[in-house]
Asker: 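Starting off with a structure, shown below.
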Amino acid sequence: MGRAVAALMTRDLRLALRRSGDTLQPLGFFLVVTTLFPLALDPEMSRLREIAPAALWVAALLSSLLALDRLFREDAQDGSLEQLALSGRSFALLLLAKTAVHWLLTGLPLVMMAPLAAMALGAPVASVPGILAALLLGTVALSLIGAIGAGLTMSLSRNGSLLSLLVLPLAVPVLIFGARATALAIAGESMSAPLYLLAALAVLSATLAPWALAAAVRIGLE
Amino acid sequence: MGRAVAALMTRDLRLALRRSGDTLQPLGFFLVVTTLFPLALDPEMSRLREIAPAALWVAALLSSLLALDRLFREDAQDGSLEQLALSGRSFALLLLAKTAVHWLLTGLPLVMMAPLAAMALGAPVASVPGILAALLLGTVALSLIGAIGAGLTMSLSRNGSLLSLLVLPLAVPVLIFGARATALAIAGESMSAPLYLLAALAVLSATLAPWALAAAVRIGLE
Amino acid sequence: MEHFLNMGGYARYVWPSYALALLAVVLNIYWARRSLRDAQSQARRRIERAGQSDAIKKGAP
Amino acid sequence: MNWVWFHRFGSPPHFYRLATGMTPWFAWAAALLCIAGVIGGLGLAPADYRQGDGFRIIYVHAPSAWLSMMVYVVMASSAAVGLIWRMSVSHAIAASCAIIGASFTAVALGTGMLWGRPMWGTYWEWDPRLTSELLLLFLYLGYLGLRSAIDDTGRADRASAVLAIVGVVNVPIIHYSVIWWNSLHQAPSVMKFDKPDIPASMLVPLLMMLAGFTALFFALLLIRARGEVLRRERNARWAADALNVAAGKV
Amino acid sequence: MNELTADNLHLWRGEQHVLQGVEFSVRPGQCLQVMGANGAGKTTLLRALCGLAPLEEGRVSWCGRDISVDPESYHLQLSWLGHDHGLKGDLTAAENLRYAVSVRRRVRPDEIAAALVTVGVPDLAGQRVRQMSAGQRRRVALARMTLMGGALWIMDEPGSNLDLLGQELVSALLRTFLDRGGIAVVATHQALDLPSAQLRPLTLQ
Amino acid sequence: MNELTADNLHLWRGEQHVLQGVEFSVRPGQCLQVMGANGAGKTTLLRALCGLAPLEEGRVSWCGRDISVDPESYHLQLSWLGHDHGLKGDLTAAENLRYAVSVRRRVRPDEIAAALVTVGVPDLAGQRVRQMSAGQRRRVALARMTLMGGALWIMDEPGSNLDLLGQELVSALLRTFLDRGGIAVVATHQALDLPSAQLRPLTLQ
Ligand code: HEM
Ligand SMILES: Nc1ncnc2c1ncn2[C@@H]1O[C@H](COP(=O)(O)OP(=O)(O)OP(=O)(O)O)[C@@H](O)[C@H]1O
Ligand SMILES: Nc1ncnc2c1ncn2[C@@H]1O[C@H](COP(=O)(O)OP(=O)(O)OP(=O)(O)O)[C@@H](O)[C@H]1O
Ligand SMILES: [Mg+2]
Ligand SMILES: [Mg+2]
């Protein structure tokens, strides 16, 4: 099983690197959005600091949304998803592996860029570790939730907006708790409460996602 | 020629809005996206009003990017783009028609939603016309720029797509001027300067787009 | 009565609320019964088609 | 334990008969309770000492808000049953819930906004409870959108079932949002398990309305579900009996 | 008079010299059957003839004029069927045909229905292409060929995914087209059932 | 002993009753050739046999056990080739094969090279699938079949887009597989060149 997962993940990573543009798009979007906020309002650091959490998290959520649509659709169209479904390995696990790649390509870069973005938005240095932790948990949850939506809309070609309509309401709790945690971190207060809730959400989605993914994608393959 | 363009546009529209209910989806999408910002902040109208411009324009960028990825790719994969290229009609015009549909599906709904969204984000009523004008110009520019990017992506698809890397830098000025104009409108000041710049950008991309599109997509079809 | 309709100055808010609720109830009843009727007529049509195909299979006129 | 009742319930013909028989009961209960509740709420109950007569909105607001959540739970659980035991009947029930739930969520939002104007001085406030209710509406819309996007009923059932189950997580968040965040919205006073803190003359009509709306929901549900069951029926025989049409005699 | 000529076509794909000086000329009523092993260059040649793939050397001319001079009027004469059929899965067969053909000319619903009858899928007019079988899709694509009109058909393996009746259908369509004075270029692995007078074989290696 | 049995399979597509009580059983060394006109239901049947399409009625069983009981161990025995070949265009042939097969079993580079030789595209190991011809892609997909192992092959029109040598290649691959005691289910429009003892025809309408 380990080899299967490894093979699938390397395949997807290599494909992503071959089309570097698609891979970098969410990151670029994230950058544009986070820089747009300071530009939009005349930059007084105090103000920026107040909206920094919102900016960070909305940017994170939307940029993870950007790459979702492609997550399963192409594999479904060229028939390689059937091959996975019939590989005799746990389909849920394989799809989880694909989701993990999605996180590596959209979530992880955000986490690594967060310090930069946070600074740009005027958050104090001390708050960075907290922000990192929050983003780490949050992006994981977002990738998992988003993957379920992608699986459900995989075989429906036309709807760009349906996917977001399905995913965003589900993703909002993550957004709320993440933003509060970040706000608290920036304010220098204890962020443990929302962080716990984030962790809970991450765990919940991690437990729910595998079967939901497998079920959704199987239905899409019929 | 008129019939050709009409046929193509109705085709793409019908593909996007298979059922009458689908028409509402873009609207729902914007409702959700604009809902995100207030959620991420703890609600105080004053601050909402400040991020309203950024929020609106982020939504605009996102929606155009979401739909962009599939603007030409699907037609290229299933071979219907070749059919258009060999239809004996002006290819540039046909591609422009596709871009127009893209705007109808992503830009127009946003423009129509803008009053509501602006209010929800706490912008004063007086500011609505200005915001509308800015969004109208801005979304047109975004759609055209995005289309060029998508076309180039196709042509480069052998060594991976560079969509975002092409589109985002070009889109940034639109966003900046747009957000600036919106901010001024909300503040109740004169927004003519950024509005002129937006108009200039829209015109520029409208003049560049047709031949750039045709050239890029032809290369992609080889 | 006057007093009742006035709702202590809150008429502008109370009555629309009740109207809205009533509207929703009525619409729901209408929609539900219509969907049932549609389904039934659909089923009838399908049954008749099935019946005909049976007849054809049996070679009956 | 014996599952006979479960399987009988799962058999379309039996369910269809059962539903046909039970609908009028729920309908009448709903009618009586709602009328009584409205009379009691608008007429008999005294004006609130703080909110004056404005509080009377509660008699439509709270019940519809309560339905908005209960319906989703019903939808999600029957969807789960349908997914696990491949029961077309419970899929039919789930499919019937969505529109009802969506409309009552809209009513809760509307009445709430109408109530908010006099009480909070604004129609809309980005308050957790309010926002989460709005999200519930989006959940319903997403469910409906997904269903309408899939042609084949069977696939639509299974796919939307997954969505409903995943989305149920948000319901407790709506319910407890008032407690978790310092919300403008008032905390549960009726839905509290210890003894409620409203005078009986106000409380009784509210309870009547709650019961009435719930009954109304089940009546609507049974009507719709019958239709949905018929739509999913491939073996025409019992359907023919149910519709008293003789199959083949055409 | 219509005529499709290719002289000395050269085309590289990557490192590979795929078309090495291909030459031919086809006149009305003739069908050029392009044969060759997998990877011989049939598709490449056909795309070059359509003007989709740029040539390194040589020229394709229609009625004596190089097609790159005025491609649009050349394309008005041309109907193309490639490996993939160019239908939208979310549209019904009838919609697909209507929109595709309307781009070139005004088309009446009864024409479309008639075309679907000729290709043997009369009752699929209202069905989504996504919900069709591989062969049914190919047939709908053939229906588009018959509707697009034009004096030149270029088809890449028209018979793929078709059953035996389908293979005959392809030959029949070609025969009627050629008899009406059309010019056809067809890449195929199966033999075409055409009178040898009309058949001009061309084998690539 | 391995055996694939289908009893009384019923399946609807939309309003259409596609599979109407299909029944058969195939034993090692036998190839079930599924035939039928376009739209007869071949692909649907094959997908149902794989467990991709849910049946309304009837059961498919492998070695006497219903495949829906323990699908994973059944799928370990199964290799599937559908209408579309399931290769990633941006990966080379060798990469495609390595990743696809590694999901099931450990595979050595020389095995992959050998497989590419057997299907007749020895020099394409390093070429992107996007840059291959239709037939070359199909051959790479066939190479995957030979590498995936398993005792049951289910193939949907393996010969589509293949030249004549390619058609023979398919028959040859099947022969060796059957001789090794494999079970094959193949939907095709062309005749398969197999000893009639091994061939079990099944025609759908
Ligand atoms: C758009 C605005 C509003 C929304 C979306 C909303 C939403 C809700 C929801 C979802 C519930 C159900 C609570 C539960 O059972 O857990 C509820 C109950 C209730 N709401 Fe609102 N509400 C709004 C405005 C208001 C206003 C302005 C008031 C009065 C000041 C109000 C008073 C109540 C009361 C008294 C209950 C019953 C609480 C209980 O006894 O459990 N609501 N509302
Ligand atoms: N984009 C490309 N880059 C590099 N080589 C290519 C490209 N496209 C095709 N080739 C090579 O050119 C040769 C001819 O390809 P072509 O598709 O014309 O073959 P074909 O005759 O159509 O084969 P088939 O019968 O399988 O369709 C093949 O060897 C293929 O590998
Ligand atoms: N998703 C679907 N919805 C409705 N009908 C469908 C769907 N998929 C297939 N069909 C119908 O089912 C029938 C069988 O399709 P199938 O693909 O099995 O045919 P086939 O035997 O593979 O044909 P071909 O030889 O062309 O591949 C066809 O008539 C098709 O129209
Ligand atoms: Mg070819
Ligand atoms: Mg098939």
Side-chain angles (χ1 to χ4, degrees), chain A residues 54 72 92 95 141 144-177 179-180 183 193-194 196-198 200-222, chain D residues 72 76 79-80 82-84 86 91 98 101-102 105 126-177 179-183:
Chain A
F72 300 123
L95 295 175
L144 288 165
I145 296 171
I148 299 175
L152 284 172
T153 52
M154 172 187 86
S155 59
L156 318 171
S157 93
R158 62 194 169 286
N159 28 33
S161 50
L162 178 56
L163 175 58
S164 356
L165 207 54
L166 297 185
V167 169
L168 289 180
L170 296 175
V172 159
V174 179
L175 180 76
I176 294 176
F177 297 133
R180 314 198 116 241
Y196 282 135
L197 285 169
L198 265 185
L201 283 175
V203 172
L204 184 69
S205 42
T207 46
L208 213 57
W211 82 258
L213 267 177
V217 174
R218 277 236 173 69
I219 296 161
L221 281 179
E222 277 175 20
Chain D
Y72 195 96
L83 206 55
I84 296 164
R86 296 170 149 269
H91 276 310
T105 313
W126 287 107
D127 166 276
R129 158 64 61 85
L130 278 53
T131 317
S132 47
E133 185 77 354
L134 189 62
L135 284 172
L136 186 60
L137 184 60
F138 289 149
L139 276 179
Y140 278 118
L141 294 185
Y143 181 92
L144 289 168
L146 184 61
R147 282 202 73 91
S148 78
I150 306 177
D151 310 312
D152 179 48
T153 319
R155 279 181 59 201
D157 283 339
R158 290 190 286 278
S160 55
V162 174
L163 179 65
I165 295 165
V166 173
V168 81
V169 179
N170 282 31
V171 172
I173 294 184
I174 300 173
H175 187 74
Y176 293 109
S177 51
I179 302 157
W180 285 344
W181 295 278
N182 46 355
S183 166

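Hydrogens, waters and symmetry mates play no part in the numbers below; they use all other heavy atoms, side chains included. Predicted model, so just to flag it, every value in this text is computed and none were measured. Naming convention: chains lettered A, B, ... in sequence-line order (proteins, then strands); numbering from 1 in each chain.
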Asker: Can you find a heavy atom in the side chain of A:Leu168 that is under 4.5 Å from one in the side chain of D:Phe138?
Answerer: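 No - every pair of side-chain heavy atoms lies 4.5 Å or more apart.
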Asker: Looking at A:Val172, A:Ile145, A:Leu208, which makes the most heavy-atom pairs under 4.5 Å with chain D?
Answerer: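 Maximum pair count with chain D is reached by A:Val172.
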Asker: Answer with side chain, backbone, both or neither: which region of D:Leu83 has an atom nearer than 4.5 Å to a non-hydrogen atom of chain A?
Answerer: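 The side chain, not the backbone.
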Asker: Which pair of non-hydrogen atoms, one from A:Leu162 and one from D:Gly145, has the smallest distance, and what is that distance?
Answerer: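 A:Leu162 and D:Gly145 have their closest heavy atoms at CD1-C, 4.0 Å.
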Asker: If you take all heavy atoms of A:Ala141 and A:Val174, which pair is closest and at what distance?
Answerer: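 For A:Ala141 versus A:Val174, the nearest heavy atoms are CB-CG2, 3.9 Å.
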Asker: Do you know which of D:Leu141, D:Asp152, D:Val169, D:Val162 has the most heavy-atom pairs with chain A at a distance under 4.5 angstrom?
Answerer: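 Among D:Leu141, D:Asp152, D:Val169, D:Val162, the one with the most close pairs to chain A is D:Val162.
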Asker: At a heavy-atom separation under 4.5 Å, does A:Leu152 approach chain D through its side chain, its backbone, both, or neither?
Answerer: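 It is both, since atoms from each part get that close.
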Asker: For the residue pair A:Phe177 and A:Pro194, what are the closest heavy atoms and their distance?
Answerer: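 Closest heavy-atom pair between A:Phe177 and A:Pro194: O-CB, 3.7 Å.
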